[in-house]
Amino acid sequence: MTNPFLNLTYEPALESLGNEFFDAVPAATFPEHKLRFRNDRLLPMLDLEPSQVKDDDFVEAFGLFHGVRPFLALRYHGYQFGEYNPNLGDGRGFLYGQVRGVNGELFDFGTKGSGQTPYSRGGDGRLTLKGGVREVLAAEALHRLGVNTSRCLSLVETGDALWRGDEPSPTRASVMIRFSRSHIRFGTFERLHYHHQPEQIRQLLDHVIQTYYPEISAPSLDSSAHIVFFQALVERVAKLVAQWMAAGFCHGVLNTDNMSITGESFDYGPYGFVPTYDLNFIAAYFDYGGRYRFGNQPAVCRWNLERLQAALTSVVPSKAMAEVLEDYERIYLGHYITLMAQRLGLSPTLGDRLNPELREKLVGQTLQCLAQSQWSYPDFFTQLRLNFSPSWRDNADLILENVDLLGADWSTWRLTYHQALKQLSPESLVAVPTVLEQATPLTDLLRPRIETVWQAIAEEDNWQPFDELVKKLQTGE
């Protein structure tokens, strides 16, 4: 076979655990196969040269689904909007295969929109083309913003016409390939706990540690190693939520089946980037109670960790996990303050001389001013990046002097920012523009921009605005 995707060395890592964890399923067949997106930036991670991979290779592997068998629909349960649901599992996707990257880490190819499975619950197993477009954009935007995220490898339009109540129907369909560290979820363990299978919980937990937490070393994977794992996961989740919050990102549906056991962000449905700093921003139109609103993400992710704690109690001492969770808020806040300081141009390296209390004070004043003024959240940081001058260190009045600062007490913020800049050495001050550039891309992904891109596709089948937006999101232009 000459298709480079079919020639990759696929590992049966999850498959080797036994069929308690999945069901083998076939892929659907589709009327058409039009490649709409290929992520050449991911190919070098698989030791593939983009120029040597044809569009037809993507279609053959990830549209026609030739080559790799078996496809595995994973079994899991989950808490959905706080209520336990034992009727879940991969309903419109499957694990296509697992491969090693050039860095030695194991990666998953997972599908979305590839047809019905035993867990479709009457659904058609399809993905709308708009849903696929939105997930491509979300993943690339989040990656550029420094969020630990899954990404999309390809998007193929399939020619199916779908009927959906929440958008004009019929609408176009697609199948997407998600590139991620793992598709094992909190809900994977919750299902085993629900069915009283402690041995399978231990088996899966040991697999997760050996595969995704190699830094945990022990003569055997006993309770001490399991506690170290839970501690590492709490750290990863707290850091991930801090990344979302600093990026101004609201996932929308943080059910436990949407929480990865590796602490990686994935599954972007009704997400939204906040237009202004509003803790009550809701991304999902069906989140009537605001459970997954922007400002509740840190708390709900801790709640999800508590549900995982309950599911692991047959293997891991519950008291020890509870003690680990006591540090969650402290860990989250530490990461959040650091990330927000970076958005203000103050990296951990540059901030070595910056008083921690001053850093926290500056971040707090920034958020207060943004909330009061309702200045565009992404635009505020864009203006910092575009207007920063070393002269700000010498004169607080020069800070954003050419920008209309309305609706809040920005004078106090200016003085605090000026004070922080004065604590930087001249050498560190020179590096601030680079920190700002790395922390803030020039192109936002607010809803109007997404809708404009989709309108061109829906009305004219014009993909140029989409392609241009993807490029800007990837480069930070």
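Along the sequence shown, residues carry numbers from 1.
Put simply, the side chain of R393 gets close to the backbone of K422: a donor and an acceptor are under 3.5 Å apart. Panel note: side chain Q203, backbone L17; a donor-acceptor pair is recorded below 3.5 Å. Remark: the backbone N or O of L424 is not paired with any side-chain donor or acceptor of S428 at under 3.5 angstrom. Remark: side-chain polar atoms of Y96 are paired, donor with acceptor, to backbone N or O of A61 under 3.5 angstrom. In this structure, R359 contributes its side chain and I337 its backbone to no donor-acceptor pair below 3.5 Å. Looking at E190, its side chain never comes within 3.5 Å of a backbone N or O of T256 through a donor-acceptor pair. Judged purely by atom type and a 3.5 angstrom limit, E49 has no side-chain atom pairing as donor or acceptor with the backbone of P44. Judged by distance alone, with hydrogens and angles left aside, the side-chain atoms of D108 form a donor-acceptor pair with the main-chain N or O of H183 at under 3.5 Å. A distance-only check finds a donor-acceptor pair linking the side chain of R302 to the backbone of L325 [under 3.5 Å]. With hydrogens and angles disregarded, a donor-acceptor distance shorter than 3.5 Å links the side chain of N148 to the backbone of G263.
Pairing each heavy atom of T440 with each of F381, the nearest pair is OG1-CB, 3.5 Å. Between G295 and M245, the shortest heavy-atom contact is CA-CE, 4.1 Å. Of all the heavy atoms in M321 and Q309, the pair that sits closest is CE-O, 3.3 Å. Of all non-hydrogen atoms in V403 and Q383, the two that sit nearest each other are CG2-OE1, 3.8 Å. Shortest non-hydrogen contact noted between P441 and L145 is CD-CD2, 3.4 Å. Here the shortest heavy-atom pairing between F229 and L312 reads CE2-CD1, 4.4 Å.
Ring planes of F62 and F109: perpendicular class, angle over 60° (limits at 30 and 60°). Ring geometry for Y336 against Y332 counts as parallel: the plane angle stays under 30°, on a 0 to 90° scale with 60° as the upper cut. The aromatic rings of F249 and W244 sit tilted relative to each other, their planes meeting at an angle between 30° and 60°.
Proximity of W392 to V432: side-chain heavy atoms (C-beta onward) are nowhere separated by under 4.5 Å. For the pair C250/F273, no side-chain contact is recorded, criterion being any heavy-atom separation below 4.5 Å from C-beta on. The closest side-chain heavy-atom distance from F380 to L405 is not below 4.5 Å. Contact check for L127 versus M176: side-chain heavy atoms found under the 4.5 Å cut-off. Taking 4.5 Å as the limit, every side-chain heavy atom of Y377 sits out of range of all side-chain heavy atoms of L446. Within the 4.5 Å cutoff, the side chain of N85 has no heavy atoms near those of the N255 side chain. Side-chain contact check for T188 versus L74: every heavy-atom pair is 4.5 Å or farther apart. Considering only heavy atoms from C-beta on, R92 stays 4.5 Å or farther from S114 through its side chain.
In summary, E477 and K471 do not engage in a salt bridge, as defined by a charged side-chain N under 4.0 Å from a carboxylate O. Between R293 and D278 there is no salt bridge, since no side-chain nitrogen of the basic residue lies less than 4.0 Å from a carboxylate oxygen of the acidic one. Comment: R385 does not engage D379 in a salt bridge, judged by the lack of any side-chain N to carboxylate O separation of less than 4.0 angstrom. Of the charged side-chain nitrogens involved, at least one lies within less than 4.0 Å of a carboxylate oxygen, so that K130 and E451 count as a salt-bridged pair. A salt bridge between R144 and E140 is absent, with no side-chain N of the basic residue lying under 4.0 Å from a carboxylate O of the acidic one. In summary, R414 and D397 do not engage in a salt bridge, as defined by a charged side-chain N under 4.0 Å from a carboxylate O.
With no hydrogens or angles considered, no side-chain donor-acceptor pair links S391 and D394 at under 3.5 Å. Checked by atom type, the side-chain pair D90/Y76 shows a donor-acceptor distance below 3.5 Å. Checking S150 against E264 by side-chain atom types alone, no donor-acceptor pair falls below 3.5 Å.
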Can M259 and L254 be said to form a side-chain contact (heavy atoms from CB on, under 4.5 Å), step by step?
CA-CA 7 Å; M259 298 288 292; L254 287 177; 4.2 Å; yes
Quick one: do I261 and R185 satisfy side-chain contact (heavy atoms from CB on, under 4.5 Å)? Show the steps, please.
CA-CA 5 Å; I261 204 67; R185 310 149 189 261; over 6 Å; no
Can H251 and Y292 be said to form a ring pair (Phe, Tyr, Trp, His ring centres under 6.0 Å), step by step?
CA-CA 8 Å; H251 184 283; Y292 298 134; 8.3 Å; no
Please lay out, stage by stage, how R38 and D57 fare under the test salt bridge (charged side-chain N to carboxylate O under 4.0 Å, His left out).
CA-CA 11 Å; R38 51 178 284 173; D57 295 330; over 6 Å; no
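Within the structure, ring pair (Phe, Tyr, Trp, His ring centres under 6.0 Å) pairs that include any residue of residues 415-446 comprise W413-Y417 (at least two apart or interchain).
Side-chain rings of Y79 and W303 approach one another, their centers coming within less than 6.0 Å.
With V453 as the partner, the side chain to side chain contact (heavy atoms under 4.5 Å, CB included) test is satisfied by one option alone out of L445, V470, L469: L469. Residue H335 forms a side chain to side chain donor-acceptor pair (under 3.5 Å) with just one option from E235, Q243, K239, and that option is E235.
Atom CG of D47 sits in a sparse spot, with 12 or fewer heavy atoms from other residues, nucleotides or ligands closer than 6.0 Å.
Judged by a 6.0 Å distance limit and a 45° cone about the ring axis, R181 is positioned over the six-membered ring of F107.
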